[in-house]
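Note sheet for the following structure.
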Amino acid sequence: MKKAYEKYIPFQPIPLPDRTWPDRRITQAPTWCSVDLRDGNQALVNPMSVEEKVEFFHTLVDVGIKEIEVGFPSASETEYQFLRTLIEGGHIPADVTIQVLVQAREHLIEKTFEAIDGAPNVIFHFYNSTSTLQRKVVFHTDMNGIIKIAVDAADLIYKLSEKALASGMNLRYEYSPESFMGTEMDNAVEICARVLDALHATAERPVILNLPSTVENCLPNYFADEIEYFIRKLPGRERAIISLHPHNDRGTGVATAELGLLAGAERVEATLFGNGERTGNVDMVTLAMNMYTQGVDPLLDFSDINAVRDVYQRVTKMKVPERQPYVGELVFTAFSGSHQDAISKGVHYMQQSNSPFWEVPYLPIDPTDVGRQYEPIIRINSQSGKGGAAFVMQNSFGFDLPKAMHPEFGAIVQKETDRVGKELKPEQVFQLFKDNYIEATAPYQLVRHSFVEHTEGDTTKVDFTGTLRHKQTEFQVSGSGNGPVDAFFNAVHGQKIDRFTFVDYKEHAISRGSDSMAVAYIQLRDSRGQDIFGVGISHNINLAALKGILSAINRGVNRE
Ligand code: KIV
Ligand code: ZN
């Protein structure tokens with residue numbers, strides 16, 4: 001029996017054993033052309049209104065895109081009106097070229113010329129389908145018939161351009177052999193060469209040849225072979241600007257565009273976040289930021305990517321997925337403990353080393369470069385490790401827990417994530433810290449106390465006297481030491497709580513606005529040799545330490 005997958009015809013690569021593109025590198029940004037307002041718009045459940053398109057147009061301009069396909073003005077009244085609004089409303093900056101799309105058909109070409117009247121810079125983009133499949137099942141004609149459609153359209157466009165050029169319009173041309181990827185390469189070369197001739201293309205006035213993978217049908221390396229082959233064979237290559245227009249049917253639109261650039265293309269048509277027909281057009285943000293992370297300036301500004309995403313989502317009603325490269329909600333977040341630990345170390349390394357390079361594991365890009373924050377990098381769920389909770393405490397609340405304390409606090413947090421069965425927000429992590437350490441104030445409490453300091457030469461001695469409460473009973477304690485912590489610890493050490501020995505102490509300031517507090521972390525060891533931590537906070541550093549000691553003692557006593 002025939003298997004279902006056997007009905008598909010596999011792609012036949014062209015032979016190009018002396019290909020050169022694999023050895024090349026992308027060292028500069030291509031010319032970017034946004035097709036959001038045309039290819040993107042035509043793929044929406046509810047296409048954008050004129051007002052929404054105007055807002056999106058301004059967003060594209062702000063990102064730095066200089067060529068913007070604004071629609072198909074001969075196809076619908078909304079498209080026509082939008083174009084007129086852009087031109088008559090003075091929305092188009094002097095350095096931005098608008099692009100209009102039209103089928104290679106006479107009456108549509110005429111209508112499109114009417115639509116662009118008065119625009120300063122225009123790319124007149126026309127297309128017809130050239131693939132073997134479309135010739136067979138849609139047009140029922142041979143290649144000569146298809147070439148005639150394209151050349152007739154080019155002749156007409158050239159003729160109708162006279163008036164526009166005379167009016168001072170900076171008018172350029174673009175031709176797309178639609179479904180290029182399914183066209184025999186020699187046919188694609190021939191039709192494009194004939195169009196270049198008809199449009200009188202020269203090196204000084206080159207024509208854009210846009211080579212779409214209208215429906216992505218092959219591995220990106222095969223596509224790159226096609227581009228290299230096409231460029232080699234095109235007569236008068238200098239008369240053309242080679243443009244790519246990848247769709248994403250196999251999910252490899254980005255790779256197709258990148259390898260196509262290696263193969264010699266110099267322009268890319270794309271959309272923000274990959275909106276477009278079916279699986280979308282290639283995502284301009286990913287392409288640009290991929291270059292950025294290789295040290296190449298993409299000449300686009302995505303430094304506030306969330307703002308761009310918000311406009312996009314509002315006007316298109318599309319949703320940017322949480323895992324979308326560079327912009328998704330979760331792409332700067334690590335849940336896994338080992339990833340969190342490595343990120344934490346990387347961030348620490350960056351702070352200590354002053355490295356001019358971005359060297360943080362698991363983060364291919366500095367989130368602040370796209371206007372994202374560090375805070376959500378590490379999120380806490382049952383997969384998170386000890387370092388994650390400590391990272392949240394430091395980055396969200398300014399508490400720099402001693403390394404030795406990470407496992408203890410991490411275990412407290414992990415127990416809670418297992419209990420609730422979902423992610424903990426930073427505030428919940430802080431609440432656990434507060435409940436477990438800062439508010440470990442029973443059974444022992446410090447009621448009142450005083451210190452007296454004696455200094456002789458370089459030697460300081462501190463006497464501590466105070467009242468402690470254990471449940472309902474108050475009792476006096478006193479002790480001396482070489483500092484307040486030592487004195488207090490010696491004072492309480494003589495009491496029933498003398499099974500704890502002092503291991504380590506760390507303190508630092510935490511600034512929240514103008515309010516500066518001190519935090520002290522105390523590490524004690526009980527009679528079984530198990531360590532226990534306590535934390536105290538106060539405006540007074542000595543008091544923070546005393547509270548920290550009592551916090552550790554109370555936790556130790558309650559643990560027994
Ligand atoms: O995908 C495609 O082939 C197109 C053309 C009109 C350029 O959108
Ligand atoms: Zn397209």
> Can you check salt bridge (Lys or Arg N to Asp or Glu O under 4.0 Å) on D310 and R314, steps first, answer last?
Replying inline: CA-CA 6 Å; D310 291 348; R314 187 157 40 74; over 6 Å; no

> Which pair of non-hydrogen atoms, one from A544 and one from A518, has the smallest distance, and what is that distance?
Replying inline: CB-O, 3.7 Å

>> Once ring-ring contact (aromatic ring centres under 6.0 Å, His included) is applied, what residue pairs with a partner in residues 272-303 remain, sequence neighbours excluded?
In response: F273-Y312

> Would a distance-only check, ignoring hydrogens and angles, find a side-chain to backbone donor-acceptor pair under 3.5 Å from T252 to A255?
Replying inline: no

> Of all heavy-atom pairs between P443 and N558, which one has the smallest distance, and what is that distance?
Replying inline: CD-OD1, 3.8 Å

> Roughly how far apart are I65 CD1 and D62 CG, rounded to 0.5 Å?
Replying inline: 10.0 Å

Using a 3.5 Å cut-off and no angle test, enumerate the donor-acceptor pairs between side-chain atoms of residues 446-462 and protein atoms at least two apart in sequence or in another chain.
unit_1, atom_1, unit_2, atom_2, d
R448, NH1, T467, OG1, 3.3
H454, NE2, D463, OD2, 2.6
K461, NZ, D463, OD1, 3.1

> Are the side chain of R372 and the backbone N or O of E329 linked by a donor-acceptor pair below 3.5 Å?
Replying inline: yes

> Under 30°, 30 to 60°, or over 60°: which ring-plane class applies to H508 and F399, parallel, tilted or perpendicular?
Replying inline: perpendicular

>> Going by salt bridge (Lys or Arg N to Asp or Glu O under 4.0 Å), name the residues that satisfy it together with E228, two or more places apart in sequence or in a different chain.
In response: R232

>> Holding to salt bridge (Lys or Arg N to Asp or Glu O under 4.0 Å), I want the full list of residues that pass it with R24, two or more places apart in sequence or in another chain.
In response: none

> Regarding W21 and D225, is there a side-chain donor-to-acceptor distance under 3.5 Å anywhere?
Replying inline: yes

> Would you say the side chains of N290 and E258 form a donor-acceptor pair under 3.5 Å?
Replying inline: yes

> Is any side-chain heavy atom of V215 closer than 4.5 Å to a side-chain heavy atom of R278?
Replying inline: yes

> In chain order, what residues pass the side-chain contact (heavy atoms from CB on, under 4.5 Å) check against Y349, with sequence neighbours excluded?
Replying inline: S353, S355, E359

> What closest approach, in Å, do H247 and G280 show between heavy atoms, and which atom pair accounts for it?
Replying inline: ND1-O, 3.2 Å

> Are any non-hydrogen side-chain atoms of I522 and V535 less than 4.5 angstrom apart?
Replying inline: no

>> How about NE2 on H58, more than 12 heavy atoms from neighbouring residues, nucleotides or ligands closer than 6.0 Å, or not?
In response: yes

> Which heavy-atom pair separates L300 from A288 by the least distance, and what is that distance?
Replying inline: CD1-CB, 4.0 Å

> Can you name the nearest heavy-atom pair linking T465 to S478, along with the distance?
Replying inline: CG2-CB, 4.2 Å

> Can you list every pair that meets side-chain hydrogen bond (donor to acceptor under 3.5 Å, both in side chains) and has a residue in residues 397-411, with sequence neighbours left out?
Replying inline: D400-K506, E408-Y437, E408-R555

>> Looking at N281, is its backbone amide N or carbonyl O close enough to the side chain of N248 to form a donor-acceptor pair, meaning the two atoms are under 3.5 Å apart?
In response: no

>> Side chains of D36 and S34: any donor to acceptor distance under 3.5 Å?
In response: yes

>> Which residues pass the side-chain contact (heavy atoms from CB on, under 4.5 Å) test with D95, not counting sequence neighbours?
In response: K66, P93

>> Using only atom types and a distance under 3.5 Å, with no angle test, would you say the side chain of E216 pairs donor to acceptor with the backbone of G253?
In response: yes

> Got a donor-acceptor contact below 3.5 angstrom from the T279 side chain to the D249 backbone?
Replying inline: yes

> Sequence neighbours excluded, which residues qualify as salt bridge (Lys or Arg N to Asp or Glu O under 4.0 Å) partners of E322?
Replying inline: none

> Quick one: are R267 and I242 in side-chain contact, heavy atoms under 4.5 Å?
Replying inline: no

> Do V331 and Y326 come close enough that some side-chain heavy atom pair is under 4.5 Å?
Replying inline: no

>> With a 3.5 Å distance limit and no angle check, can you tell me whether S538 reaches the backbone of I541 through a side-chain donor-acceptor pair?
In response: no

> Which residues satisfy the side chain to side chain donor-acceptor pair (under 3.5 Å) test with Q42, sequence neighbours excluded?
Replying inline: R38, E277

> Do E67 and T31 have a side chain donor and acceptor closer than 3.5 Å?
Replying inline: no

> By side-chain contact (heavy atoms from CB on, under 4.5 Å), which residues pair with Q530, not counting sequence neighbours?
Replying inline: D526, R528, R559

>> List the residues meeting side-chain contact (heavy atoms from CB on, under 4.5 Å) with P407, not counting sequence neighbours, and say none if there are none.
In response: K386

Please tabulate, one pair per line, all N/O donor-acceptor pairs under 3.5 Å involving side-chain atoms of residues 419-434, not counting sequence neighbours.
unit_1, atom_1, unit_2, atom_2, d
R419, NE, E416, OE1, 3.0
R419, NH2, E416, OE2, 2.9
E423, OE1, R379, NH2, 2.6
E423, OE2, R379, NE, 2.5
E423, OE2, R379, NH2, 3.2
Q428, OE1, K425, N, 2.7
Q431, NE2, D435, OD1, 3.1

